[in-house]
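From a predicted model like this one, the values you see are computed outputs, not experimental measurements. We number each residue from 1, following the sequence as shown.
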Amino acid sequence: MSYRVAHLDSRKRALEKQESRERDQVRLDNGSVSPAQLRRENSAFAELPLHRYKMVAIGGKALARS
């Protein structure tokens, strides 16, 4: 299996993040999005269908019995 090595340009990434924050602020300022909606959009888990899953164990220890 071959892997592709990528190099992160930290300055470019910092600029991208700042631009994203500025776009978010404009959207908040003009009322096109609420703070709660923006938090949902920016959540790392926003696209995961978490409602389909149930946590049953942590570290191999059961949380509840079925």
- Drop me the distance from Ser10's OG to Lys17's NZ, to the nearest 0.5 angstrom. 11.0 Å

- Query: Residues two or more places apart in sequence or in another chain: which of them pass salt bridge (Lys or Arg N to Asp or Glu O under 4.0 Å) with Arg13?
  - Reply: Glu16

- Do you know which two heavy atoms are closest between Val5 and His7, and how far apart they sit? CG1-NE2, 4.1 Å

- Item | From Asp24 atom CG to Glu19 atom CD, the distance as rounded to the nearest 0.5 Å | 12.0 Å

- Check: Arg27 and Glu41 side chains under 4.5 Å, non-hydrogen atoms: yes

- Query: Got a sec, which hydrophobics cluster with Leu50, joining ILVMFWY side chains under 4.5 Å apart, including via others?
  - Reply: Phe45, Leu48

- Looking at CZ of Arg23 and CG of Leu28, how far apart are the two atoms once the value is rounded to the nearest 0.5 Å? 13.0 Å

- Task: Would you indicate whether Gln18, at its atom CD, is surrounded by more than 12 heavy atoms from other residues, nucleotides or ligands within a distance under 6.0 Å?
- Result: yes

- How is the hydrophobic cluster of Val26 composed, in terms of its other members, when Ile, Leu, Val, Met, Phe, Trp and Tyr link through side-chain heavy atoms under 4.5 Å apart, directly or indirectly? none

- Query: How many angstroms lie between atom CG of Leu15 and atom OG of Ser20, to the nearest 0.5 angstrom?
  - Reply: 12.5 Å

- If every non-hydrogen atom of Gly60 is compared with every non-hydrogen atom of Ala57, which pair is closest and at what distance? C-CB, 4.5 Å

